[in-house]
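A short write-up of the structure that comes next.
Every chain is numbered from 1, with letters handed out A, B, ... down the list of sequences. The figures here come from the full heavy-atom set of this structure, side chains too, leaving out hydrogens, waters and symmetry mates.
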2 protein chains.
Amino acid sequence: MPDEDSLPEAHEQAARFTQVREAHKTEATEDYVELIDDLIRVNGEARLVDVASRMGVTQPTASKTLARLQRDGFINSEPYRSIFLTDQGKTLANESRLRHEIVFNFLLAIGVSRDAAVRDSEGMEHHVSEETLKVFEKVIRQNSK
Amino acid sequence: MPDEDSLPEAHEQAARFTQVREAHKTEATEDYVELIDDLIRVNGEARLVDVASRMGVTQPTASKTLARLQRDGFINSEPYRSIFLTDQGKTLANESRLRHEIVFNFLLAIGVSRDAAVRDSEGMEHHVSEETLKVFEKVIRQNSK
DNA sequence: CTTATAATTTAGCCTAGGCTCAGTTTATAC
DNA sequence: GTATAAACTGAGCCTAGGCTAAATTATAAG
Ligand SMILES: [Mn+2]
Ligand SMILES: [Mn+2]
Ligand SMILES: [Mn+2]
Ligand SMILES: [Mn+2]
């Protein structure tokens, strides 16, 4: 229970929420490019039908999101054809996968079950700062020794 | 780099993203009731102007969100008057604060700076399962010994 | 090669959650 | 007590990201 002067400064607290909102803005993009990259590696191509089923959304929803990703320069695709990552998209996919793996392996390292680690890391990954990520990596290294 | 059969089952992967989307649906509600509860404790009342400035949004935005919270039974307020939590709202505020504190203290325990812990926990808290939370608590206990 | 199926797109709808600008109500100062 | 300032509301706009239903295009089967 906080006492009289226990509230953080308003502008600092606001900055926290603004940062979370910023993270959420890029979240869909990161998850999509990461998935598209995986699909290309494993299947040789990324098709809308697979993106939609793996994202857990309908095809029109995935189609609309992909249109936005194309507008913003992360992917390329011609109508009715499969999806390609731009250089910008590839870079973001690699960064996102790396960060995701660190968060996932960190959860495993501290004793979280594989199932929970898979599920929790999907959301947590977007809210971990560079500083925290470094700490996560240190914990992973210590635990593998 | 994943090889041929490295993709998770589609329906499992979809469930992950669905879970993250569910978390995001309740996120604003949790952050708002937690803040309202804090304001009542410290200031004696929760006013829109403070909610807005601390959430980092404009007053009309906060006003609209609060209307939704009232519609959904988390708060009560009469026009132009301050905001009260319903029993449902108080319960959610307490649960949210507890979880938030655990995530925050966990980050401190593993060596993250106070600043980064404050910032990262604001987003992470909404993506931590009960199982992971228990592991976090264990790490906190071990570190305080 | 034609037909049926699968994949993709388009149109149109919805909610959440941002914003600005303008109006109303409450609180403060004088 | 009245004028001014602060707080709150309302209208209207926007984007993201969900959905369904229907049209279009591409692929597969026979
Ligand atoms: Mn994710
Ligand atoms: Mn919180
Ligand atoms: Mn939060
Ligand atoms: Mn999130």
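Distance, Q59(A) CD to dC19(D) C1': 13 Å, rounded to whole Å. In this entry the distance linking CZ of F17(B) with C1' of dG18(D) reads 16 Å, nearest Å. Residue E78(A) contributes atom CD, which lies 11 Å from atom P of dA26(D) at whole-angstrom precision. Protein atom OH of Y80(A) is 10 Å distant from nucleotide atom P of dT8(C), rounded to whole Å. If you take CG of L69(B) and P of dG17(C), they are 9 Å apart, rounded to a whole angstrom. Rounded to an integer number of Å, the gap from M55(B) CE to dG17(C) P is 10 Å. Computed from coordinates, the I75(B) CD1 to dC8(D) C1' distance equals 13 Å when rounded to whole Å. A straight line from CG of L66(A) to P of dA7(C) spans 16 Å, rounded to a whole angstrom.
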Any protein N or O atoms within reach of nucleotides 3-5 of chain D? Criterion: under 3.5 Å, listing atom names and distances.
none

Nucleotide N/O of nucleotides 10-16 of chain C paired with protein N/O under 3.5 Å:
residue : atom : partner : partner atom : Å
dA16(C) : OP1  : R71(B)  : NH2          : 3.0

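The aromatic rings of F136(A) and F106(A) sit parallel, their planes meeting at an angle under 30°, below the 60° perpendicular limit. The aromatic rings of H127(B) and H127(A) sit parallel, their planes meeting at an angle under 30°, below the 60° perpendicular limit.
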Steps toward side chain to side chain contact (heavy atoms under 4.5 Å, CB included) verdict (V49(A), Q59(A)):
CA-CA 6 Å; V49(A) 63; Q59(A) 289 179 211; 3.5 Å; yes
Is there a side chain to side chain contact (heavy atoms under 4.5 Å, CB included) between V118(B) and Q13(A) once you walk through the steps?
CA-CA 9 Å; V118(B) 164; Q13(A) 198 167 3; over 6 Å; no
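Using a cut-off of 4.0 Å between Lys/Arg side-chain N and Asp/Glu carboxylate O, E137(B) and K134(B) are scored as not salt-bridged. Ionic pairing of R119(B) and D115(B) is not present here: no N-O contact between side-chain nitrogen and carboxylate oxygen is shorter than 4.0 angstrom. Salt bridge absent: R97(B) and E34(B) never bring a charged side-chain N and a carboxylate O closer than 4.0 Å.
Side-chain N/O atoms of R21(B) include none lying less than 4.0 angstrom from OP1 or OP2 on dG17(D). An OP1 or OP2 oxygen of dG17(D) is reached within less than 4.0 angstrom by no side-chain nitrogen or oxygen of T61(A). A sub-4.0 Å separation between OP1 or OP2 of dT27(D) and a side-chain N or O of R81(A) is present.
Between A117(A) and V112(A) the shortest heavy-atom distance is N-CG1, 3.6 Å.
Comparing T65(A) and P79(A) against DNA chain D, the residue whose closest nucleotide sits nearer the 5' end is T65(A).
Closest approach to the T58(A) side chain among dA7(C), dT20(D), dC8(D) is made by dT20(D) (side chain taken as heavy atoms from C-beta onward).
Taking the six-membered ring for Trp and the full ring otherwise, the centers of H100(A) and H126(A) sit at least 6.0 Å from each other.
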